[in-house]
Each structure stands twice: as structure tokens, then as C-alpha cells.
Amino acid sequence: AKRRHGGVSGYDPSMDHSDTDRLTLQSELRRGIERGELVVLYQPKVDVTTRLPCGAEALVRWQHPARGLLSPDVFIPLAEDSGLIDLVTVEVLDQALAQIRRWEDLGHELPVSVNIPARSLTDATFPGVVDAALVQHGVRPGLLTLEITESAMIADLLRAGETLNELRKLGVKISIDDFGTGYSSIAHLRDMPPHELKIDRSFVMKMSENSRDESIVRAVVDLAKNLRLRVVAEGVETESALRTLGDLGCHEAQGYHISRPVPAAELTDWLSKSDI
Ligand code: C2E
Ligand code: CA
Ligand code: CA
Ligand code: CA
């Protein structure tokens with residue numbers, strides 16, 4: 001089995017395809033990126049106390065001409081295997097920064113998070129790519145958060161540490177995605193402190209049924225607060241989960257109960273109505 005981005009899940013949707021199908025999809029992906037078929041949706045995050053939007057996560061989709069709208073679970077693993085992932089990252093980064101700029105021009109200052117694959121952290125040129133994109137779009141680095149999974153951090157600790165330091169120096173924010181599903185996370189918090197922890201949705205989704213999950217969420221929230229990090233819960237599907245997160249003191253929440261990932265224009269409407 002392959003190491004999946006951010007995954008503990010044993011199910012690998014890319015395995016559903018035969019080898020030839022995978023190859024076809026890979027070559028189609030290269031063309032699709034060139035033709036502008038990657039679409040970025042935005043899933044808002046709310047401040048748990050005020051329930052107002054306080055950020056958004058950029059989530060990529062592939063508008064395939066024949067197969068319809070494809071989920072990242074289908075093509076991100078393929079992109080990682082074929083080396084196309086860097087093209088995907090640059091494309092999503094570009095679209096997200098352009099969107100941050102557009103929102104700023106409308107008077108909405110909304111931080112946006114972009115998912116960064118493991119291998120970008122062992123790529124010494126990556127911080128320069130991010131810097132150039134920020135400058136090109138005229139976006140303040142503090143408005144960009146890079147979400148990185150723990151597996152990315154252990155892939156090559158030394159090189160990852162150097163890249164992370166360069167990114168921090170740029171002024172972008174670092175978030176550890178899917179926190180709690182990787183390995184030796186606590187040591188990373190000491191050696192390469194991020195700005196934010198994102199609690200994996202597997203813990204958040206079943207909080208109300210499973211008191212162990214609630215204990216884990218509570219422990220991560222406390223850990224984050226003691227280390228003075230922001231803490232975000234993803235996979236918030238119910239009102240009761242949102243309330244529990246409020247009781248636990250979690251800062252931000254993201255999930256279907258708040259909103260599905262939506263086109264930018266839909267989020268713009270909400271920002272206007274909320275006076276953000
Ligand atoms: P992730 O980074 O953990 O993103 C959160 C996923 O959870 C998203 O799935 C989102 O739609 C879904 N989600 C949000 N709220 C809920 C909820 O309340 N309940 C449930 N069950 N799910 C929820 P999505 O958009 O299908 O993305 C899947 C994964 O694909 C992401 O997981 C991320 O690892 C990867 N991905 C997405 N966009 C990108 C990208 O631009 N670059 C890279 N490298 N990976 C990406
Ligand atoms: Ca995940
Ligand atoms: Ca993420
Ligand atoms: Ca996640």
C-alpha cells in the first residue's frame with residue numbers, strides 16, 4: 001500500500017483503477033491542468049464563539065470533460081505518483097492567492113489555507129515559489145496558511161525543518177493538518193512549532209457518540225492552547241459538536257454543519273452579509 005497524503009485510511013480510491021486507467025488519467029491530468037480544468041472550492045471556517053467566518057480552506061476539484069467533477073481523493077494520489085503534484089500545488093496556490101486578492105479588493109480580509117503535499121517540504125525551491133506567488137498577487141503573507149500533514153514532517157526531518165523555517169521567515173502561517181493521526185507529533189511541536197493545529201475529522205465527527213473521541217479532542221485543544229497555538233476542528237457535522245467545541249474552548253470550526261466547500265462567489269455573499 002502506498003503512503004497516502006494525510007491518510008490513515010486503508011481505503012485507496014486510486015486503487016479502483018486498473019493500471020492503464022491510471023496512466024490514462026495521469027496523462028489527462030497534465031492536459032487538464034494546462035487547460036485550466038482544476039477548480040478550487042472554498043470551505044469556510046468559523047470562529048466558534050461568534051460563529052462568523054474567519055477563514056477558508058481551498059479544496060481542489062478536477063472538472064473533467066468526460067468524467068465530471070472529480071474528487072481530490074481520486075487524482076491527488078495519481079498526481080503524487082506521477083510528479084504532477086507540483087503543478088497542482090502551484091495552480092491551487094495561484095488560484096487561492098488571486099481569490100484572497102479579490103476578497104481584499106471587496107473589503108473582505110479572509111485568510112485562506114492551502115494544502116501542501118509532503119514532498120514540497122523536501123524541496124528547497126518551494127519557499128521561493130510561495131514568495132514569488134505572494135508578490136505576484138500582492139498578498140500579505142499572513143493571509144496565507146499552508147496546511148501540512150504530519151507524515152510530511154517526518155518524511156525527511158532535516159530538510160523539512162529547513163523548508164519550514166524558510167516559510168515561517170516569509171511570514172506565512174503553518175498548520176498541521178489531520179493532527180492526531182500521524183506519528184511523534186508532540187516532538188514536532190517542540191522542534192518545528194506551527195501556528196495552528198487542525199484536529200482530524202475522524203475524532204470530531206463521532207465526538208457525541210464516543211467519549212474517547214471527545215477526550216482526544218479535549219486533549220488536543222488543551223495542548224494547543226498551552227503551546228499558544230490556534231486550534232481548528234474539522235468535520236463539524238452537527239450543532240451539538242459545535243457546542244461541545246465551544247465548551248472545550250476550540251478556536252475555529254469547519255464542517256458540513258457550517259458549510260460544504262463552495263465556489264468563491266457563494267462565500268463572498270456570506271462575507272458581505274456578515275460584514276467581514
Ligand atoms: P483534508 O485536507 O483533510 O480536507 C478536508 C476534507 O474533509 C475535504 O474533502 C472536505 O470537503 C471534507 N469535509 C469538510 N467538512 C466535512 C464534514 O463535516 N464531514 C466530512 N465527512 N467531511 C468533511 P475533499 O475536499 O474531498 O478533500 C480530500 C482531501 O484531498 C483533503 O483532505 C486533502 O488531503 C486533499 N486535497 C484537497 N485539495 C487539495 C489540494 O489542493 N492539494 C493537495 N495536495 N491536496 C488536496
Ligand atoms: Ca485528511
Ligand atoms: Ca486540509
Ligand atoms: Ca484535514
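Read the numbers this way: they start at 1 and go in the same order the structure lists the ligands and their atoms.
No option in Glu196, Lys198, Arg230 other than Glu196 meets the side chain to side chain donor-acceptor pair (under 3.5 Å) test with Ser175.
Checking Glu234 against the Ca ion (ligand 3), every N/O/S atom stays at or beyond the 3.0 Å cut-off. Among the atoms of Asn115, an N, O or S atom falls under 3.0 Å from the Ca ion (ligand 3). Between the Ca ion (ligand 3) and Asp178 there is no N/O/S contact shorter than 3.0 Å. Within the coordination shell of the Ca ion (ligand 4), defined by N, O or S atoms under 3.0 Å, Asp177 is present.
With a heavy-atom cut-off of 4.0 Å, His257 does not touch ligand 1 at all. By the criterion of a heavy-atom distance under 4.0 Å, the side chain of Arg201, and not its backbone, is placed next to ligand 1. With a heavy-atom cut-off of 4.0 Å, Thr149 does not touch ligand 1 at all. Under 4.0 angstrom from ligand 1, the non-hydrogen atoms of Val60 come from both its backbone and its side chain. Using a 4.0 Å cut-off between heavy atoms, Arg260 makes no contact with ligand 1 at all.
Considering backbone and side-chain atoms alike, Gln254 places every N or O at 3.5 Å or more from each N or O of ligand 1. Checked against a 3.5 angstrom limit, the closest N/O atoms of Glu147 and ligand 1 fall outside it.
The closest donor-acceptor contact from the side chain of His108 to the backbone of Ile276 lies under 3.5 Å. Formation of a donor-acceptor pair under 3.5 Å by the His64 side chain with backbone atoms of Leu69 is not found in this model.
Here the closest non-hydrogen pair linking Pro44 and Leu267 is CB-CD1, 3.8 Å. The heavy-atom pair separating Pro117 from Glu80 by the smallest distance is CB-OE2, 3.6 Å. Of all non-hydrogen atoms in Ile116 and Ser120, the two that sit nearest each other are CG2-CB, 3.5 Å. Between Cys250 and Val231, the shortest heavy-atom distance links the atoms SG-O, 3.6 Å. Minimum heavy-atom separation, Arg61 to Pro261: NH2-CG, 3.8 Å. Listed here is the closest heavy atom pair of Arg67 and Thr24: NH2-CG2, 4.1 Å.
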Discussion item. Applying side chain to side chain donor-acceptor pair (under 3.5 Å) to Gln95 and Gln99, what does each step give before you reach the verdict?
Written reply: CA-CA 6 Å; Gln95 289 195 33; Gln99 188 55 50; over 6 Å; no

Worksheet item: Tyr42 and Trp103: ring pair (Phe, Tyr, Trp, His ring centres under 6.0 Å), yes or no, with the steps?
Response: CA-CA 12 Å; Tyr42 297 86; Trp103 276 323; 5.3 Å; yes

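Between atom 8 (C) of ligand 1 and the options Val236, Leu59, Asp86, the minimum heavy-atom separation is to Leu59. In this structure, of Val40, Leu70, Asn115, Ile85, the residue bringing a heavy atom nearest to atom 42 (N) of ligand 1 is Asn115. Around atom 29 (C) of ligand 1, the closest heavy atom drawn from Thr238, Asp200, Asp73 belongs to Asp73.
Within Glu147, the N, O or S atom lying nearest to the Ca ion (ligand 3) carries the name OE1. For Glu57, the N/O/S atom at the shortest distance from the Ca ion (ligand 3) is named OE2.
Under the 3.5 Å distance criterion, with hydrogens and angles disregarded, a donor-acceptor pair is assigned to the side chains of Gln43 and Gln254. Gln26 and Asp81 are not linked by any side-chain donor-acceptor pair at a separation below 3.5 angstrom, with hydrogens and angles left out of the test.
Near Glu234, the atoms of ligand 1 lying under 4.0 angstrom from a non-hydrogen atom of the residue are 3 (O). Those atoms of ligand 1 that come under 4.0 Å of a heavy atom in Val92, given as number and element, are 41 (O). Counting atoms of ligand 1 from 1 in the listed order, those under 4.0 Å from a heavy atom of Glu57 are 2 (O), 4 (O). Close approach to Asp178 involves these atoms of ligand 1, each under 4.0 Å from a residue heavy atom: 3 (O). The contact set between ligand 1 and Met205, taken as ligand atoms under 4.0 Å from a residue heavy atom, comprises 21 (N). Per-residue contacts place Arg61 under 4.0 angstrom from the following atoms of ligand 1 (heavy atoms of the residue considered): 24 (P), 25 (O). Ligand-side atoms of ligand 1 in range of Glu237: 17 (C), 18 (O), 19 (N), 20 (C), 21 (N), range being under 4.0 angstrom from any heavy atom.
Taking a 4.0 Å cut-off on heavy atoms, Gln43 registers as neighbouring ligand 1.
Annotation: Arg51, atom CZ; neighbour count of heavy atoms from other residues, nucleotides and ligands within 6.0 Å is above 12.
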